[in-house]
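All residue numbers refer to positions in the sequence shown, counting from 1. Keep in mind it's a predicted model, so treat the numbers as computed, not measured.
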Amino acid sequence: MNILILGSGGREHAFAWKIKQSPKCSNLFVAPGNAGTQSIATNLAIAPTNFKEVEKSLLTHKIDLLVVGPEDPLVQGIVNYFRAKKEFDNLIIIGPDKAGAELEGSKDFSKAFMNKYKIPTAKSETFTAMQYDDALAYIQNHAYPLVLKADGLAAGKGVIIAQNFDEAELALQDILIDKKFKEAGNKVLIEDFLEGIELSVFVLSDGKNYKILPEAKDYKRIGEKDTGLNTGGMGAISPVPFAQHTFITKVEEQVVKPTIEGLRNEGIDYKGFLFIGLMNIDESPYVIEYNVRMGDPETQVVLPRIDSDLVALFEATGHQTLHDYTLKINPATAATVVAVAGGYPGSYNKGDVISGLNLTDESAIIFQAGTQSNEGNVITNGGRVLAVTALANSIPEAKNLAYKRLESIHWNNIYYRKDISDDLLPYLD
Ligand code: AMP
Ligand code: GLY
């Protein structure tokens with residue numbers, strides 16, 4: 001099969017790495033990709049949201065399978081765009097249609113969906129700018145902390161946890177009046193604060209059936225001990241030691257099954273990944289959010305734990321035969337640590353030369369993200385530059401292997417958290 005992956009992050013390098021191992025893969029393309037994908041596939045200089053250009057390359061390269069990495073093209077309707085054209089009848093697309101992508105594109109839509117299908121989640125109310133006074137009254141009479149969320153896509157920045165009324169009022173003003181998140185803030189959700197431990201569960205759906213993939217825990221803040229600004233993700237661990245089999249079974253019964261049934265009931269064509277952000281509260285799952293794609297850097301720990309052929313898995317998704325597919329999961333622990341350009345998630349430098357990538361060292365895998373090839377060098381080209389993943393029999397071993405490999409990678413102002421997985425040690429027996 002000829003395969004095109006859309007996106008340019010570590011997630012897409014991990015997809016390319018795993019797809020490349022499949023005997024079913026003939027030619028592999030990534031648009032736009034990074035220096036890492038360029039070393040194992042052909043990069044195409046196309047933005048994933050430029051559907052016309054994507055269409056041209058699908059035809060030129062006779063693509064059979066399109067894997068959509070990020071959410072933007074999905075929310076903008078890339079699946080509907082190609083489904084409306086006869087010449088793409090046989091194209092398998094991994095990603096939901098526009099209606100399905102609303103689970104991530106609109107927090108108001110996903111909250112209404114969860115309430116309709118009785119999926120456990122925090123109680124919340126939605127307000128528009130016209131209802132500002134009602135919103136103010138609501139936050140005046142509410143217990144704290146309280147969570148305020150811009151309705152639309154805000155690159156992970158649209159969630160504010162207010163500790164008191166003053167902070168909540170400021171957030172309301174930022175979102176509804178000052179339009180800090182532009183039209184993503186046309187509505188605001190005001191949500192009860194959930195106290196528990198977070199993890200993410202990943203599901204692949206073919207529209208009728210589903211497979212639950214390995215779960216993961218990620219590390220969102222820039223600073224050690226979860227301090228400082230939110231980032232796209234600074235590391236991840238899979239499996240999650242506090243998510244025992246009984247908890248995952250509850251997630252399947254109370255969240256995954258009603259979600260898949262609800263999507264079908266709504267007439268939504270959901271062939272793709274569903275990333276469920278969960279809070280574990282005294283062993284009961286509550287949904288914090290849905291994403292309609294894989295996570296980054298969660299993909300960098302989930303895919304190395306899948307022993308099955310990913311292309312065959314995607315074919316089964318396209319043909320709606322996931323129920324016949326046996327997913328083989330590696331029981332080992334995967335740890336990934338993300339190295340960023342100093343200053344991220346604020347301003348940072350680009351163009352620094354990276355060294356230490358090409359050692360013949362099989363103890364870890366390097367998934368590149370914000371990188372670019374330049375006159376024989378690999379240079380930094382983004383905030384999150386790369387992730388180093390190691391697999392081992394335990395969290396401490398996997399973590400140590402990843403950190404050991406990172407010690408030989410250098411560029412000006414490299415930064416990474418040194419405490420990835422440390423919070424999980426109390427859960428190890
Ligand atoms: P989201 O973009 O919805 O995933 O929210 C970003 C982060 O905010 C989550 O990963 C949680 O850490 C936190 N968060 C969101 N909603 C809640 C909530 N209701 N209670 C506690 N924390 C929350
Ligand atoms: N790591 C979080 C995300 O991909 O949204």
Side-chain angles (χ1 to χ4, degrees), residues 1-7 11-12 14-31 33 37 41-42 44 46 48-101 103 202-213 260 263-264 267-275 291-294 299 302-303 306 308-327:
M1 288 179 107
N2 294 329
I3 302 168
L4 171 61
I5 303 169
L6 298 183
R11 166 181 54 209
E12 286 74 22
F15 274 131
W17 167 85
K18 182 70 182 156
I19 284 172
K20 213 39 205 180
Q21 295 167 23
S22 168
K24 288 174 175 283
C25 175
S26 316
N27 297 303
L28 180 60
F29 301 86
V30 187
T37 61
T42 305
L44 305 172
I46 296 170
T49 48
N50 188 339
F51 299 168
K52 285 223 148 57
E53 287 297 316
V54 174
E55 181 175 0
K56 273 194 218 157
S57 42
L58 291 178
L59 295 170
T60 309
H61 301 294
K62 299 189 169 55
I63 300 295
D64 306 293
L65 167 63
L66 176 67
V67 181
V68 185
E71 64 277 16
D72 286 345
L74 296 167
V75 172
Q76 290 178 29
I78 193 167
V79 172
N80 305 61
Y81 181 92
F82 289 115
R83 286 290 155 254
K85 295 178 185 253
K86 266 216 127 335
E87 62 268 42
F88 296 107
D89 272 358
N90 294 325
L91 174 71
I92 295 175
I93 310 179
I94 300 301
D97 65 7
K98 197 171 197 294
L103 281 184
F202 302 92
V203 177
L204 185 61
S205 156
D206 68 8
K208 286 186 185 159
N209 319 284
Y210 62 85
K211 289 283 172 208
I212 297 187
L213 309 176
I260 300 293
L263 288 167
R264 282 192 74 182
I268 289 172
D269 176 23
Y270 206 108
K271 294 196 182 80
F273 291 102
L274 182 67
F275 161 160
N291 294 312
V292 298
R293 51 171 174 86
M294 280 300 291
T299 306
V302 171
L303 291 188
I306 296 181
S308 313
D309 180 330
L310 193 63
V311 177
L313 189 61
F314 286 160
E315 269 186 305
T317 304
H319 298 145
Q320 296 197 304
T321 53
L322 269 184
H323 56 291
D324 287 335
Y325 192 90
T326 309
L327 187 65

Asker: Atom CG in Leu66, atom CZ in Phe29: separation rounded to 0.5 Å?
Answerer: 12.5 Å

Asker: With salt bridge (Lys or Arg N to Asp or Glu O under 4.0 Å) as the rule and sequence neighbours excluded, what pairs involving residues 58-76 come up?
Answerer: Glu71-Arg293

Asker: CG of Leu74 to CD1 of Ile94: how many Å apart, nearest 0.5 Å?
Answerer: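 That separation rounds to 11.0 Å.
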
Asker: Under a 3.5 Å threshold, yes or no: a donor from one side chain and an acceptor from the other, between Asn2 and Asn27?
Answerer: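 The answer is yes; a qualifying pair exists.
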
Asker: side-chain contact (heavy atoms from CB on, under 4.5 Å), that's the test. Do Met1 and Ile92 meet it? Break it down for me.
Answerer: CA-CA 11 Å; Met1 288 179 107; Ile92 295 175; 4.2 Å; yes

Asker: Name the one of Thr37, Leu65, Ile19 that satisfies side chain to side chain contact (heavy atoms under 4.5 Å, CB included) with Ile5?
Answerer: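 Only one option passes, and that is Ile19.
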
Asker: Could you tell me the separation between the NZ atom of Lys18 and the OG atom of Ser308, rounded to the nearest 0.5 Å?
Answerer: 7.0 Å

Asker: Is the closest side-chain heavy-atom distance between Val30 and Leu44 below 4.5 Å?
Answerer: no

Asker: Look only at the side chain of Gln320 and the backbone of Asp206, and say whether a donor-acceptor pair between them is shorter than 3.5 Å.
Answerer: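 Checking the backbone N and O of Asp206 against the side chain of Gln320, a donor-acceptor pair under 3.5 Å is found.
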
Asker: Hey, is Glu53 close enough to Lys56 for a salt bridge, meaning N to O under 4.0 Å?
Answerer: yes

Asker: Find out whether Asp97 and Ile268 are in side-chain contact, i.e. whether some heavy atom of one side chain is under 4.5 Å from a heavy atom of the other.
Answerer: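 With C-beta onward as the side chain, the pair touches.
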
Asker: Below 4.5 Å, heavy atoms only, C-beta onward: do Lys208 and His323 meet side chain to side chain?
Answerer: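 They are not in side-chain contact.
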
Asker: Can you tell me how far apart OH (Tyr81) and CZ (Phe51) are? Round to the nearest 0.5 Å.
Answerer: 8.5 Å

Asker: For Phe273, give me all partners under ring pair (Phe, Tyr, Trp, His ring centres under 6.0 Å), at least two apart in sequence or on another chain.
Answerer: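 With neighbours one apart ignored, the set is Phe15, Phe314.
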
Asker: Measuring from atom CD1 of Ile78 to atom CZ of Arg83, what distance do you get when rounded to the nearest 0.5 angstrom?
Answerer: 11.0 Å

Asker: Provide the closest heavy-atom pair for Lys98 versus Asn80 in the form atom of the first, atom of the second, distance.
Answerer: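 Nearest heavy atoms, Lys98 then Asn80: N-OD1, 2.8 Å.
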
Asker: Short question: side chain of Ser205, backbone of Lys271 - any donor-acceptor pair under 3.5 Å?
Answerer: no

Asker: Check whether any side-chain heavy atom of Leu313 lies under 4.5 Å from a side-chain heavy atom of Tyr325, and answer yes or no.
Answerer: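 Leu313 vs Tyr325: side chains touch.
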
Asker: Between Thr49 and Leu6, does the side-chain contact (heavy atoms from CB on, under 4.5 Å) criterion hold? Intermediate values first, please.
Answerer: CA-CA 9 Å; Thr49 48; Leu6 298 183; over 6 Å; no

Asker: For Asn90, look at atom CG and say whether over 12 heavy atoms of other residues, nucleotides or ligands are found less than 6.0 Å away.
Answerer: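 For Asn90, atom CG is not crowded (no more than 12 foreign heavy atoms under 6.0 Å).
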
Asker: For a side-chain contact (heavy atoms from CB on, under 4.5 Å) check, start with the C-alpha distance between Val311 and Ile3, then their side-chain angles and the critical distance, and finish with the verdict.
Answerer: CA-CA 9 Å; Val311 177; Ile3 302 168; 3.8 Å; yes

Asker: Search all heavy atoms of Val54 against all heavy atoms of Pro48 and return the closest pair with its distance.
Answerer: CG2-O, 4.1 Å

Asker: Between the side chain of Ser22 and the main-chain N/O of Leu310, is any donor-acceptor distance below 3.5 Å?
Answerer: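 Absent.
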
Asker: Do you know which two heavy atoms are closest between Met294 and Arg11, and how far apart they sit?
Answerer: O-NH1, 2.9 Å

Asker: Heavy atoms only: give me the nearest Gly207-Arg264 pair and the separation to one decimal.
Answerer: O-CG, 3.1 Å

Asker: From the options Leu274, Val302, Leu303, select the one residue that forms a side chain to side chain contact (heavy atoms under 4.5 Å, CB included) with Leu213.
Answerer: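 The residue from Leu274, Val302, Leu303 that satisfies side chain to side chain contact (heavy atoms under 4.5 Å, CB included) with Leu213 turns out to be Val302.
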
Asker: Heavy-atom distance under 4.5 Å between the side chains of Leu4 and Ser57, does that happen here?
Answerer: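 Yes, their side chains come closer than 4.5 Å.
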
Asker: Determine the interplanar angle of the Phe88 and Phe82 rings, folded into 0 to 90°, and report it as parallel if under 30°, tilted if 30 to 60°, perpendicular if over 60°.
Answerer: perpendicular

Asker: Which pair of non-hydrogen atoms, one from Ala14 and one from Thr299, has the smallest distance, and what is that distance?
Answerer: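 What the structure gives for the nearest pair is CB-CG2, 4.0 Å.
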
Asker: Atom CD of Glu55 and atom CG of Leu91: how far apart are they, to the nearest 0.5 Å?
Answerer: 10.5 Å

Asker: Write down the atom of Glu12, the atom of Gly69, and the distance for their closest heavy-atom approach.
Answerer: OE2-CA, 3.2 Å

